There are 2 protein chains.
Amino acid sequence: MEASAVTWAILGLIRQRPMSGYDLKRAVDRTIRHFWAASYGQIYPELRRLEDAGWIEGADAANGGRSRRLYRLTDAGRVALEDWLHGHETRLELRDESLLRLFFADALPPEEALGLLAARREGYRMMLAYLRGLDDGTGPDPPFVDVVYRWGLDHCEWGIEWCDRQERRLRQSS
Amino acid sequence: MEASAVTWAILGLIRQRPMSGYDLKRAVDRTIRHFWAASYGQIYPELRRLEDAGWIEGADAANGGRSRRLYRLTDAGRVALEDWLHGHETRLELRDESLLRLFFADALPPEEALGLLAARREGYRMMLAYLRGLDDGTGPDPPFVDVVYRWGLDHCEWGIEWCDRQERRLRQSS
DNA sequence: TAGTGCATGTAATGCGTTACATGATTTC
DNA sequence: GAAATCATGTAACGCATTACATGCACTA
């Protein structure tokens with residue numbers, strides 16, 4: 001089984017409870033999407049591959065005339081997931097168009113360049129609002145789910161302050 | 001001209017001085033790579049497209065028997081770059097395998113789960129060392145180039161402290 | 001003279017999104 | 001009965017990396 005990015009997201013999520021492809025997409029969007037997105041075009045083919053490999057098992061769970069296929073983790077899948085969890089790789093890939101603009105902002109008049117810093121701050125604000133909106137108040141999450149959620153909030157708050165600091169610094173030094 | 005991700009990186013970099021494809025790859029790796037990577041497979045075809053569109057102009061600059069083609073920004077290219085710089089979009093795409101692991105770490109025994117936090121901290125440390133290594137001490141950078149470099153450093157330092165804080169918090173609450 | 005760096009490029013492959021097609025069920 | 005939601009899936013496309021091929025020039 002050739003594991004790829006989306007493999008672990010799926011295994012990890014259906015470990016909590018059996019899910020359909022549709023469920024998975026929603027779970028991804030509600031939880032890990034801000035640092036790891038996944039689309040139907042990845043999820044459905046990956047479910048096939050995972051079932052072929054014996055890491056998950058699908059069962060028909062039609063709801064009246066509405067077809068539905070629920071997948072659950074097999075023992076082999078559980079082992080694979082735990083193996084991956086023990087990995088300690090930490091390469092992080094960032095793609096941040098706002099930083100790219102900022103990097104070239106010296107080509108703009110100073111006031112407009114500072115505007116890009118303000119725009120970045122606004123981006124963090126919107127992300128923060130989005131993350132706060134995810135909190136549906138349904139009781140306490142497991143500790144590490146909570147840690148990752150906090151990371152999102154803390155990261156945005158840090159980013160907002162960072163933009164403020166830099167704007168002040170640049171205004172003073174000019 | 002259908003502009004894509006790599007378009008702006010190239011235009012922005014050759015705005016500073018004319019460059020070859022090879023130069024561009026090196027410039028990308030030395031400056032923006034930690035938040036916006038680009039490979040030869042993107043750069044060379046994109047140079048063609050940009051020249052066809054009239055945003056850059058290539059000139060032969062062979063070095064003895066070693067062929068070399070230097071590209072410079074045209075007026076049209078300068079205008080296109082500045083238009084893009086005025087944009088205020090700020091969607092940031094993150095892909096962070098370490099956060100994904102952390103999110104599922106509740107499946108591990110507590111001590112091992114905490115190990116993932118330590119591993120993340122180590123990742124920030126390595127990135128920080130990498131960024132510090134980029135500073136070749138060649139005098140002051142333009143203000144916004146410097147701002148983005150600082151962002152990298154500050155972000156790593158924040159990340160290290162964040163991991164520390166979370167580790168302490170989780171150890172206390174358990 | 002062997003290794004490294006300069007320099008250009010392409011082909012194969014993989015990753016991921018978008019847009020579309022289809023149809024049932026629930027809710028207003 | 002219209003609209004939203006549940007549910008599955010694929011085809012086309014675009015973005016990006018990796019690996020390879022080629023050859024010159026410098027330096028140890």
Side-chain angles (χ1 to χ4, degrees), chain A residues 1-10 13-14 18-30 32-52 56 58-71 89 91-97 100, chain B residues 1-10 13-14 18-30 32-52 56 58-71 89 91-97 100:
Chain A
M1 170 76 200
E2 206 59 36
S4 77
V6 82
T7 308
W8 311 117
I10 292 179
L13 288 171
I14 65 176
M19 291 194 208
S20 66
Y22 188 81
D23 293 335
L24 274 165
K25 172 65 172 145
R26 287 186 53 212
V28 164
D29 286 346
R30 266 185 302 111
I32 62 179
R33 192 221 135 121
H34 56 287
F35 60 89
W36 203 302
S39 64
Y40 286 127
Q42 294 172 270
I43 290 170
Y44 282 111
E46 184 68 15
L47 284 171
R48 283 272 174 85
R49 280 198 299 275
L50 285 170
E51 192 170 14
D52 290 346
I56 63 175
D60 203 55
N63 188 356
R66 186 145 75 186
S67 80
R68 178 172 154 86
R69 194 168 173 81
L70 274 184
Y71 295 91
E89 271 172 75
R91 72 140 185 249
L92 53 150
E93 277 308 310
L94 200 57
R95 204 148 268 266
D96 187 327
E97 187 167 331
L100 192 65
Chain B
M1 170 77 202
E2 206 59 37
S4 79
V6 83
T7 307
W8 312 117
I10 291 180
L13 287 172
I14 65 175
M19 290 194 209
S20 66
Y22 186 81
D23 293 334
L24 275 165
K25 172 65 171 146
R26 288 186 52 214
V28 164
D29 287 345
R30 265 184 304 112
I32 62 179
R33 192 219 136 123
H34 56 287
F35 61 89
W36 203 302
S39 65
Y40 285 125
Q42 294 173 272
I43 290 170
Y44 281 111
E46 183 69 14
L47 283 172
R48 283 272 173 85
R49 280 198 299 276
L50 285 170
E51 194 170 13
D52 289 347
I56 62 175
D60 203 55
N63 188 355
R66 188 145 72 185
S67 79
R68 177 173 156 83
R69 194 169 173 79
L70 275 184
Y71 295 91
E89 273 173 74
R91 72 143 187 249
L92 52 149
E93 277 309 310
L94 202 54
R95 203 147 269 267
D96 188 327
E97 187 166 332
L100 191 67

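Worth saying up front: this structure is predicted, and the values here are computed from it rather than measured. Side chains are part of it too, since the values below use all heavy atoms of this structure and drop only hydrogens, waters and symmetry mates. Protein chains get the first letters and strands the later ones, always in sequence-line order, with residue 1 at the start of each.
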Fill in: Any residue meeting side-chain contact (heavy atoms from CB on, under 4.5 Å) with Ser67(B), in chain and number order, not counting sequence neighbours
none

Worksheet item: Is Leu70(B) close to Asp23(B) at the side-chain level, that is, under 4.5 Å between some pair of heavy atoms?
Response: yes

Worksheet item: Between Arg49(A) (CZ) and dT10(D) (C1'), how many Å, whole number?
Response: 14 Å

Worksheet entry | Whole-Å distance separating the CD atom of Glu51(A) from the P atom of dT8(D) | 12 Å

Worksheet item: First and last nucleotide of DNA chain C touching chain B, 5' to 3', heavy-atom cut-off 4.0 Å?
Response: dG5(C) to dG16(C)

Fill in: pair Glu46(B)-Thr7(B): side-chain heavy atoms closer than 4.5 Å
yes

Discussion item. Between Arg49(B) (side chain only) and Ala3(B) (backbone N and O only), is there a donor and an acceptor less than 3.5 Å apart?
Written reply: no

Worksheet item: Residues two or more places apart in sequence or in another chain: which of them pass side-chain contact (heavy atoms from CB on, under 4.5 Å) with Tyr22(B)?
Response: Ser20(B), Arg26(B), Tyr40(B), Tyr44(B)

Worksheet, complete the sentence: Rounded to whole Å, CD of Glu46(A) lies from C1' of dT8(D) at a distance of 17 Å

Discussion item. Heavy-atom count check: over 12 atoms from other residues, nucleotides or ligands less than 6.0 Å from Arg33(B) CZ?
Written reply: no

Which protein N or O atoms sit under 3.5 Å from an N or O of nucleotides 23-26 of chain D?
residue : atom : partner  : partner atom : Å
dC24(D) : O2   : Arg66(B) : NH1          : 3.3
dA25(D) : OP1  : Gly65(B) : N            : 2.8
dA25(D) : O4'  : Arg66(B) : NH1          : 3.2

Discussion item. Treating Gln42(B) as the side-chain partner and Val6(B) as the backbone partner, does any N or O pair qualify as donor plus acceptor under 3.5 Å?
Written reply: no

Discussion item. When you measure from the side chain of Lys25(A) to the backbone of Ser39(A), do you find a donor-acceptor pair of N or O atoms at a distance under 3.5 Å?
Written reply: no

Worksheet item: Looking only at heavy atoms, which two atoms of Ala38(A) and Val28(A) are closest? And how far apart?
Response: N-CG1, 3.8 Å

Provide a list of protein-nucleic acid N or O atom pairs under 3.5 angstrom, restricted to nucleotides 16-18 of chain D.
residue : atom : partner  : partner atom : Å
dA16(D) : OP1  : Arg95(A) : NH1          : 2.7
dA16(D) : OP2  : Gln42(B) : NE2          : 3.3
dT17(D) : OP2  : Ser39(B) : N            : 3.4
dT17(D) : OP2  : Ser39(B) : OG           : 3.4
dT17(D) : OP2  : Gln42(B) : OE1          : 2.6

Item to complete: Find out whether Met19(B) and Ile10(B) are in side-chain contact, i.e. whether some heavy atom of one side chain is under 4.5 Å from a heavy atom of the other.
Response: no

Discussion item. In this structure, how many angstroms lie between the C1' atom of dA11(D) and the OH atom of Tyr44(A), rounded?
Written reply: 16 Å

Worksheet entry | For Leu100(A) against Ala5(B), the heavy-atom pair lying closest together | CD2-O, 4.5 Å

Worksheet entry | Stepwise side chain to side chain contact (heavy atoms under 4.5 Å, CB included) test for Arg95(A) and Trp36(B) | CA-CA 5 Å; Arg95(A) 204 148 268 266; Trp36(B) 203 302; 3.1 Å; yes

Item to complete: Could you check how far CG of Leu70(A) sits from C1' of dA7(D), rounded to whole Å?
Response: 11 Å

Worksheet entry | Terminal axis angle for the helix from dT1(C)-dA28(D) to dC28(C)-dG1(D), five pairs an end, nearest 10 degrees | 30°

Discussion item. Test salt bridge (charged side-chain N to carboxylate O under 4.0 Å, His left out) on Asp52(B) and Arg48(B); report intermediate values, then the result.
Written reply: CA-CA 6 Å; Asp52(B) 289 347; Arg48(B) 283 272 173 85; over 6 Å; no

